[in-house]
There are 2 protein chains.
Amino acid sequence: MIATAARARLDSLAKPPGSLGRLERLAIRLAETQGRIDPVTTPRRLIVFAGDHGVVAEGVGLWPDSVTAAMMGLMLQGRAGSAALSRAMGADMMLVDAGSKASGLAGAIYRDWRVARGSANLAQGPAMTSLEFEAALACGARAAVEAAQDGIRVLALGEMGIGNTTPAACLAALLTGASVEAVVGTGAGATAETLARKHAVIAEAVARARDLTDLRAAIASIAGFEIVAIAGCIAESARRGITVVLDGFIVGTGALIAQALDPEALRTAIAAHRSAEPGHALVLERLGLEPFLEWELRLGEGTGALLLLPLLDAAAALLRDVATLAEVTGG
Amino acid sequence: MIATAARARLDSLAKPPGSLGRLERLAIRLAETQGRIDPVTTPRRLIVFAGDHGVVAEGVGLWPDSVTAAMMGLMLQGRAGSAALSRAMGADMMLVDAGSKASGLAGAIYRDWRVARGSANLAQGPAMTSLEFEAALACGARAAVEAAQDGIRVLALGEMGIGNTTPAACLAALLTGASVEAVVGTGAGATAETLARKHAVIAEAVARARDLTDLRAAIASIAGFEIVAIAGCIAESARRGITVVLDGFIVGTGALIAQALDPEALRTAIAAHRSAEPGHALVLERLGLEPFLEWELRLGEGTGALLLLPLLDAAAALLRDVATLAEVTGG
């Protein structure tokens, strides 16, 4: 309904129909997420969900998991990429700790809502228990509730967690049905050796997860706390009518979880971009979301979601401020 | 030099090298245009150059040239697409009349610097005289001088002129050496019949222009006032170190003129996007500029250039505000 009304509004404007291409599709999607043809794009917030991953012990990446805490500290200082871009794009920022191993972090934007200090090693057994899975969903929902209380209309979602491309690739394979080969990338850095290990770990974990008959248990066995929290945040944002702008591959797998638990959970979601991570296109296809930027982004931290925010402003301005042809011609 | 320094700065930041993909290339290009690794993106301005075209009498498009004046009026009311998006993207706006047939327009942002009231019909003879060509260049330069006096650091350049895809296609063919087939699109609207006429007119005009030995005379024979003014504005902006963000196909052909007269004129130019107009890719290749958005835009009025402005803010923030890895590790 709203999509049809938004399309009609755009086609009535004093410009050749369709002449703003992808911006018009973004305007329609934005209108859909808010159920109104005059959507609002401020105030807005970046939420970075953080977590650590037991699977790092398997040597699946280049960096030690202490880097998670270091990057979280940099965010709290306002000097990480996410922090710099959130200021530039007019969003405030929250760092929600869903399950990192960090200690000593503090700051007005820090929320220590940890389910545990790092997930278990998914190569050796389930990454988390059922209780932990539900707690991680609740952690994400809580961040959406806080956003709603603060009057936030648009959330940009990002993540920080060394090693989290491994659970993300597991989730992408499990929830899209794609082969492991199709979804394993280098993450934020890998050698041939770490990549081979990562591949083996993922293949085995996904095979075990596919044997589980309970969907929630299967997801919990291969997920990470920040990824599950993202799913909870997306679902709660949908219930509250807050537009959620998804960053890249890892946030996309959080959206896959939300979709698997309830297809209606994607009602307010917009995919900001298609990243350089090879599995992301498959994830987006499964989510049924069109990505708006193809900028070869693979930093994470919500940086790609932030870049779309001013383009949402443009989309909203198009719907709101441009004269109709009828007004111009007096018809 | 500056590109190397900007690349080194980006590679020193606390993030995986290259992980912000196209945003990093945009940051490097922005730094190059200003000759500094801490480029500035405000204050900024959209300039829409307007003009009418005698060739409209040949029936090359769907719309009468009175639409040029109507759209200019809508810009002055702040209700055109360009006006709405310039507000949303934090740019002020100027409408520079390089040669429209409008009458009765007024407003604080209107500059009536007309060379003439519409160009001559390029199907019947030269579109403008040599004197008019030089005057149109000066008109554009004057807009850049005013911007410099106002402290503007970034200009977004756009155009409005019913029929101007015809001179633009002529210029693209002449200045890239491409075939007429490769550069003729539908513009803002065309039927099969108008498209066939447009094609014939362009082929003949380009053939005549190619016979002229004097480059300026050849360009003048097939150009339009707003397009030549854009060339003048680009060249003067380069001299003054103002970053110029180019909109689509038509602005691109203005840049081709500037380049043909002086290759250094593109020193401060950034291509915002690759449009839906088929010849645009060829124009960008000839200009040697990478487009940053592919959003199927074909409205004109500088709308595509405007969409890139907040992404320039992000690029500048990346260079300016993100910590280096050495700062994080204490190295």
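Contact annotation for B/Ala80: only backbone heavy atoms (N, CA, C, O) come within less than 4.5 Å of a heavy atom of chain A. Contacts between B/Leu26 and chain A at a heavy-atom distance below 4.5 Å involve the side chain alone, from C-beta outward. For B/Leu74, the part lying near chain A is the side chain, with the backbone staying farther off; criterion is any non-hydrogen pair under 4.5 Å. B/Arg320 does not touch chain A: none of its heavy atoms, backbone or side chain, sits under 4.5 Å away. Heavy-atom distances place the side chain of B/Leu308, and not its backbone, under 4.5 Å from chain A.
Taking each heavy atom of B/Glu294 and A/Glu294 in turn, the nearest pair found is OE1-OE1, 4.5 Å. The nearest pair of heavy atoms linking A/Ala88 to B/Ala317 is CB-CB, 3.8 Å. Shown here for B/Pro16 and A/Arg298, the closest heavy-atom pair between the two residues is CB-NH1, 4.1 Å. Listed here is the closest heavy atom pair of A/Phe292 and B/Trp295: O-NE1, 3.0 Å. When all heavy atoms of B/Gly81 and A/Val322 are compared, the pair lying nearest together is CA-CG2, 3.8 Å.
For CZ of A/Arg44, the number of neighbouring non-hydrogen atoms (other residues, nucleotides, ligands) closer than 6.0 Å is greater than 12.
Between B/Asp313 atom CG and A/Leu307 atom CG the span is 11.0 Å, to the nearest 0.5 Å. Here CD of B/Glu296 is found 11.0 Å from CG of A/Leu20. Values are rounded to the nearest 0.5 Å. The structure places CZ of B/Arg79 at 7.0 Å from OG1 of A/Thr324, a figure rounded to the nearest 0.5 Å.
With respect to chain A, the highest number of heavy-atom pairs below 4.5 Å among B/Ala83, B/Ala316, B/Gly18 belongs to B/Gly18.
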Checklist entry - Given B/Thr303 and A/Leu23, is the side chain to side chain contact (heavy atoms under 4.5 Å, CB included) satisfied, shown in steps? => result CA-CA 10 Å; B/Thr303 48; A/Leu23 184 66; over 6 Å; no
Next on the checklist: Pair B/Leu293, A/Leu293 - check side chain to side chain contact (heavy atoms under 4.5 Å, CB included), show working.
Outcome noted: CA-CA 8 Å; B/Leu293 296 169; A/Leu293 296 169; 3.7 Å; yes
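Salt-bridge formation is not detected for the pair B/Lys15/A/Glu301: no Lys NZ or Arg NE/NH1/NH2 atom is positioned less than 4.0 Å from an Asp or Glu carboxylate oxygen.
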